Amino acid sequence: MCKQPRHEQTAKTDWLDSLRHEARMLVHELDATPGVQRLFEGRIRQDDYVHYLIQSYQYVRWSEGFFTESGERVHREGRNPALAELLFQKAHEERGHEQWLLKDLKALGWTEERVERAPICTAVRAYVEWNRFTTQSGVPTAFLGTAYVLEYLSVNRAPGSVDRLIAESGIPNIDKAVLFLKGHGAADGDHVADLETELRKLTSPAEQNALILSARTTRTLFPKFFREP
């Protein structure tokens with residue numbers, strides 16, 4: 001009888017270890033991807049950096065809406081009200097982040113109209129449609145798994161990337177074109193810790209698995225958002 005509670009506690013916490021593993025592996029795999037290495041080391045060419053910013057705009061523009069729709073579904077379906085509030089909070093945190101990207105691109109000579117006409121890579125399209133599916137038809141809390149790995153990535157790589165880009169890249173106006181990286185690097189440290197605190201309350205195995213699957217899907221797709229050098 002004494003062993004059962006310990007077993008149950010292990011089962012409850014192991015899934016967060018799996019989520020952290022996906023986040024750590026995303027960082028590891030990006031570190032080993034040449035096109036991404038150039039960004040992290042501040043050696044990325046201007047056209048490759050522009051490509052990264054455009055692809056980022058094309059997925060970030062959906063984030064607030066996905067969080068809001070997911071929160072509404074959780075609320076409507078009578079699921080955990082605390083998770084609905086968490087999703088609405090994440091929607092608020094994401095508000096306006098696509099504008100950072102448009103300002104970064106404007107500093108590099110790209111108008112919003114030109115950004116909108118630029119091609120969207122297949123990995124970004126897949127990312128958007130996967131998260132649209134989970135938001136509208138799958139497990140609505142799954143987008144939190146996506147958010148977790150991307151926020152973990154930001155806090156671990158964005159601040160150093162900003163400093164190196166400004167010091168090393170030689171891209172004209174680069175100091176005015178790092179709002180997106182700088183903003184995420186500054187905020188996401190607290191976001192990761194806060195998100196873990198809330199996710200510890202998630203007890204449904206189906207929802208836990210859905211978050212891990214979304215994290216793994218993001219880990220698979222995200223390296224392809226970058227252009228190879």
Side-chain angles (χ1 to χ4, degrees), residues 23 26-67 90-128 131 146-147 149-192 218-219 221-229:
L26 174 60
V27 174
H28 174 75
E29 289 163 11
L30 290 174
D31 284 344
T33 302
V36 191
Q37 279 180 341
R38 288 179 174 270
L39 173 63
F40 292 166
E41 295 171 1
R43 300 183 297 107
I44 195 168
R45 299 179 307 185
Q46 180 168 337
D47 56 343
D48 292 332
Y49 185 55
V50 165
H51 174 86
Y52 159 71
L53 293 176
I54 290 172
Q55 302 311 313
S56 296
Y57 169 74
Q58 292 294 353
Y59 81 83
V60 169
R61 67 190 302 182
W62 299 101
S63 298
E64 181 184 353
F66 286 160
F67 278 124
K90 301 302 290 182
H92 177 74
E93 290 171 2
E94 287 296 313
R95 189 166 300 159
H97 288 194
E98 74 281 2
Q99 294 302 316
W100 290 345
L101 287 153
L102 290 175
K103 289 177 181 177
D104 286 345
L105 285 158
K106 184 177 181 180
L108 299 177
W110 282 68
T111 64
E112 183 174 349
E113 292 76 15
R114 189 181 177 194
V115 172
E116 294 286 358
R117 293 195 303 268
I120 306 172
C121 72
T122 55
V124 168
R125 291 184 184 276
Y127 168 96
V128 170
N131 288 294
T146 296
V149 294
L150 292 182
E151 291 179 354
Y152 183 95
L153 170 64
S154 292
V155 74
N156 280 277
R157 289 294 178 271
S161 298
V162 169
D163 293 340
R164 294 184 193 103
L165 280 167
I166 293 172
E168 304 291 342
S169 72
I171 297 173
N173 286 331
I174 189 62
D175 59 317
K176 298 180 179 64
V178 289
L179 286 173
F180 178 69
L181 289 172
K182 188 181 293 185
H184 274 274
D188 284 346
D190 290 339
H191 291 174
V192 170
T218 302
R219 169 187 154 194
L221 294 172
F222 196 84
K224 300 300 182 182
F225 292 5
F226 295 81
R227 195 161 62 182
E228 288 298 317

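From a predicted model like this one, the values you see are computed outputs, not experimental measurements.
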[X] side-chain N/O to [Y] backbone N/O, donor-acceptor pair under 3.5 Å:
{"X": "D104", "Y": "V178", "result": "yes"}
{"X": "R227", "Y": "D47", "result": "yes"}
{"X": "Y49", "Y": "A177", "result": "yes"}

Heavy-atom distance under 4.5 Å between the side chains of [X] and [Y], does that happen here?
{"X": "L105", "Y": "R114", "value": "no"}
{"X": "R157", "Y": "V27", "value": "yes"}
{"X": "L150", "Y": "F222", "value": "yes"}
{"X": "W110", "Y": "L53", "value": "no"}
{"X": "Q46", "Y": "P172", "value": "yes"}
{"X": "Y152", "Y": "L26", "value": "no"}

If you compare all heavy atoms of [X] against all heavy atoms of [Y], which two are closest, and at what distance to 0.1 Å?
{"X": "S169", "Y": "I44", "value": "CB-O, 4.3 Å"}
{"X": "C121", "Y": "K224", "value": "SG-O, 3.8 Å"}
{"X": "E93", "Y": "E151", "value": "OE1-OE2, 4.3 Å"}
{"X": "R61", "Y": "E116", "value": "NH1-OE1, 3.1 Å"}
{"X": "F67", "Y": "A147", "value": "CZ-CB, 3.6 Å"}

Legend entry - Worked check of side-chain contact (heavy atoms from CB on, under 4.5 Å) between E29 and V36: CA-CA 9 Å; E29 289 163 11; V36 191; over 6 Å; no

Inset, instruction - Show your working on side-chain contact (heavy atoms from CB on, under 4.5 Å) between L165 and L181 and close with a plain yes or no. - result: CA-CA 10 Å; L165 280 167; L181 289 172; 3.7 Å; yes

Euclidean distance, [Y] [atom2] relative to [X] [atom1], rounded to 0.5 Å:
{"X": "E112", "Y": "L101", "atom1": "CD", "atom2": "CG", "value": "11.5 Å"}
{"X": "I166", "Y": "D175", "atom1": "CD1", "atom2": "CG", "value": "6.0 Å"}
{"X": "T33", "Y": "R38", "atom1": "OG1", "atom2": "CZ", "value": "13.0 Å"}
{"X": "Y127", "Y": "N131", "atom1": "OH", "atom2": "CG", "value": "5.0 Å"}
{"X": "Q55", "Y": "R125", "atom1": "CD", "atom2": "CZ", "value": "9.0 Å"}
{"X": "R43", "Y": "Q37", "atom1": "CZ", "atom2": "CD", "value": "7.0 Å"}

Inset, instruction - Give the C-alpha distance, both sets of side-chain angles, the deciding distance and a yes or no for side-chain contact (heavy atoms from CB on, under 4.5 Å) between W100 and V60. - result: CA-CA 10 Å; W100 290 345; V60 169; over 6 Å; no

Inset, instruction - Return the orientation label for the F66 and W62 ring planes: parallel under 30°, perpendicular over 60°, tilted otherwise. - result: parallel

Inset, instruction - Answer yes or no: is there an ion pair linking R95 with E64, defined by an N-O contact shorter than 4.0 Å? - result: yes

Inset, instruction - Determine, step by step, whether T146 and Y59 satisfy the side-chain contact (heavy atoms from CB on, under 4.5 Å) criterion, reporting the C-alpha distance in whole Å, the side-chain angles of both residues, the deciding distance to 0.1 Å, and the verdict. - result: CA-CA 12 Å; T146 296; Y59 81 83; over 6 Å; no

